[in-house]
Amino acid sequence: MFLMNYNNFHDGTINVLGDFPNIGQVTKKFTLVKDDFNIITHSDLYGKKCILFSFLSVDMPICAESVREFNRLAYRMKDIEVICVSVDTPFTLNRFCQREGLDYITAASCFSSSEFSLDFGVKIDNPMLSGFTARAVFCLNEHGCITHSQIVEDLNQLPDYESIISALRTSND
């Protein structure tokens with residue numbers, strides 16, 4: 001099933017394709033390539049509370065700032081694993097994380113896993129940005145169940161970190 005979401009971009013809209021998961025759904029299977037070229041899958045996250053953050057590219061300033069903020073969040077909330085996912089190559093993600101000193105997140109690429117962007121409803125359908133993933137956040141509990149999901153509706157805005165933190169605290173109760 002394909003759902004259409006819309007993101008504002010240069011005073012227009014772009015379509016975002018895929019099946020955006022709802023709260024209460026178990027995440028679909030996925031395989032990503034970490035910045036050290038090791039593989040991470042959905043089953044690696046079972047037993048952990050996790051944030052999956054999809055974004056366009058670390059080469060976009062607003063995306064880079066989001067990744068930095070999630071690193072700060074992961075530092076403060078040590079019991080939460082944060083996976084930042086883009087189509088950037090593992091080389092690019094590794095270079096960015098080393099340069100920025102981002103030691104508390106896992107950077108992962110979906111460049112070889114096109115089903116990730118459709119399964120999470122973040123595949124951008126726009127000729128200029130084709131192949132990129134929209135900025136979205138998914139909080140998962142220890143069972144891989146989604147406890148919070150948010151798509152950033154404007155590509156020029158940051159995620160709502162307060163609602164993410166609130167969702168994580170609520171799922172701790």
Side-chain angles (χ1 to χ4, degrees), residues 1-7 15-58 63 66-67 69-71 73-90 93 97 102 104-125 131-153 155 158-173:
M1 177 178 175
F2 288 86
L3 300 174
M4 298 300 251
N5 294 305
Y6 297 95
N7 275 276
N15 292 332
V16 181
L17 304 175
D19 191 8
F20 194 79
N22 295 313
I23 293 173
Q25 283 184 285
V26 174
T27 58
K28 294 184 180 179
K29 295 179 180 180
F30 63 84
T31 301
L32 303 168
V33 181
K34 296 192 304 185
D35 66 346
D36 63 3
F37 284 89
N38 286 313
I39 301 296
I40 187 168
T41 69
H42 62 287
S43 60
D44 293 324
L45 304 178
Y46 290 142
K48 305 173 188 176
K49 290 183 180 176
C50 177
I51 296 172
L52 280 177
F53 170 56
S54 76
F55 61 100
L56 282 80
S57 172
V58 293
C63 293
S66 294
V67 173
E69 183 59 31
F70 278 109
N71 189 70
L73 179 66
Y75 173 76
R76 290 191 314 269
M77 301 181 85
K78 300 201 185 309
D79 60 331
I80 306 295
E81 180 150 352
V82 179
I83 315 294
C84 296
V85 182
S86 73
V87 295
D88 290 315
T89 67
L93 293 170
C97 289
L102 305 179
Y104 299 99
I105 60 159
T106 299
S109 177
C110 62
F111 80 107
S112 65
S113 175
S114 60
E115 67 276 357
F116 176 86
S117 61
L118 285 172
D119 287 347
F120 281 84
V122 295
K123 182 177 179 135
I124 293 179
D125 181 34
F132 286 97
T133 54
R135 201 171 304 110
V137 180
F138 307 94
C139 297
L140 313 176
N141 68 14
E142 298 89 342
H143 308 289
C145 187
I146 295 178
T147 60
H148 175 79
S149 60
Q150 166 194 16
I151 191 161
V152 179
E153 293 182 10
L155 291 178
L158 295 166
D160 180 0
Y161 300 110
E162 290 304 315
S163 70
I164 296 163
I165 292 167
S166 177
L168 291 168
R169 286 189 180 133
T170 302
S171 69
N172 281 336
D173 296 337

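Note that the structure is predicted; figures quoted are calculated from it, not measured.
- Once rounded to the nearest 0.5 Å, the distance linking CZ of Arg135 with CG of Leu158 reads 7.0 Å.
- Below 30°, between 30° and 60°, or above 60°: for His42 and Tyr46 the angle between ring planes is above 60°, a perpendicular geometry.
- Applying the ring-ring contact (aromatic ring centres under 6.0 Å, His included) test to Phe111 and every residue at least two apart in sequence or in another chain returns nothing.
- Note that CD of Glu69 is 9.5 Å distant from CG of Asn71, once rounded to the nearest 0.5 Å.
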(request) Could you go through the side chain to side chain contact (heavy atoms under 4.5 Å, CB included) check for Ile124 and Leu56 one step at a time? (result) CA-CA 9 Å; Ile124 293 179; Leu56 282 80; 4.1 Å; yes
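- Considering every non-hydrogen atom in both Cys97 and Ile105, the closest pair reads SG-CD1, 4.2 Å.
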(request) Verify side chain to side chain contact (heavy atoms under 4.5 Å, CB included) between Asn22 and Ile146, making sure each step is shown before the conclusion. (result) CA-CA 7 Å; Asn22 295 313; Ile146 295 178; over 6 Å; no
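- Ser54 places a side-chain N or O within donor-acceptor distance of the main-chain N or O of Ala134, the cut-off being under 3.5 Å.
- Side-chain atoms of Thr133 come within 3.5 Å of backbone N or O of Phe55 as a donor-acceptor pair.
- The heavy-atom pair separating Cys50 from Ile83 by the smallest distance is SG-CG1, 3.8 Å.
- With Ser109 contributing its side chain and Asp88 its backbone, the two residues share a donor-acceptor pair below 3.5 Å.
- Note: Lys49 NZ to Asn141 CG = 8.0 Å, rounded to the nearest 0.5 Å.
- Put simply, the side chain of Tyr161 reaches to within 4.5 Å of the side chain of Ser66, judged on heavy atoms.
- The CG atom of Asp35 lies 6.0 Å from the CG atom of Leu93; values are rounded to the nearest 0.5 Å.
- Here CG of Leu73 is found 8.0 Å from CD1 of Ile80. Values are rounded to the nearest 0.5 Å.
- Between Phe20 and Phe138, the angle of the ring planes lies from 30° to 60°, which puts this pair in the tilted group.
- Tyr75 is linked by a side chain to side chain contact (heavy atoms under 4.5 Å, CB included) to Lys78, Tyr104, counting only residues two or more places apart in sequence or in another chain.
- Here the closest non-hydrogen pair linking Gln150 and Asp160 is NE2-N, 2.7 Å.
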(request) Would you sort out whether His148 and Ile164 count as a side chain to side chain contact (heavy atoms under 4.5 Å, CB included), showing the intermediate values? (result) CA-CA 7 Å; His148 175 79; Ile164 296 163; 3.9 Å; yes
(request) Might you work through the side chain to side chain contact (heavy atoms under 4.5 Å, CB included) test for Phe30 and Val85, ending with a clear yes or no? (result) CA-CA 12 Å; Phe30 63 84; Val85 182; over 6 Å; no
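- At least one donor-acceptor pair closer than 3.5 Å links the side chain of Thr147 to the backbone N or O of Cys139.
- Put simply, CD1 on Ile39 and OG1 on Thr31 are 6.5 Å apart, with the number rounded to the nearest 0.5 Å.
- The side chain to side chain contact (heavy atoms under 4.5 Å, CB included) check on Lys28 picks up Asp19, Asp119, with sequence neighbours excluded.
- Shortest non-hydrogen contact noted between Glu81 and Ile40 is OE2-CD1, 4.2 Å.
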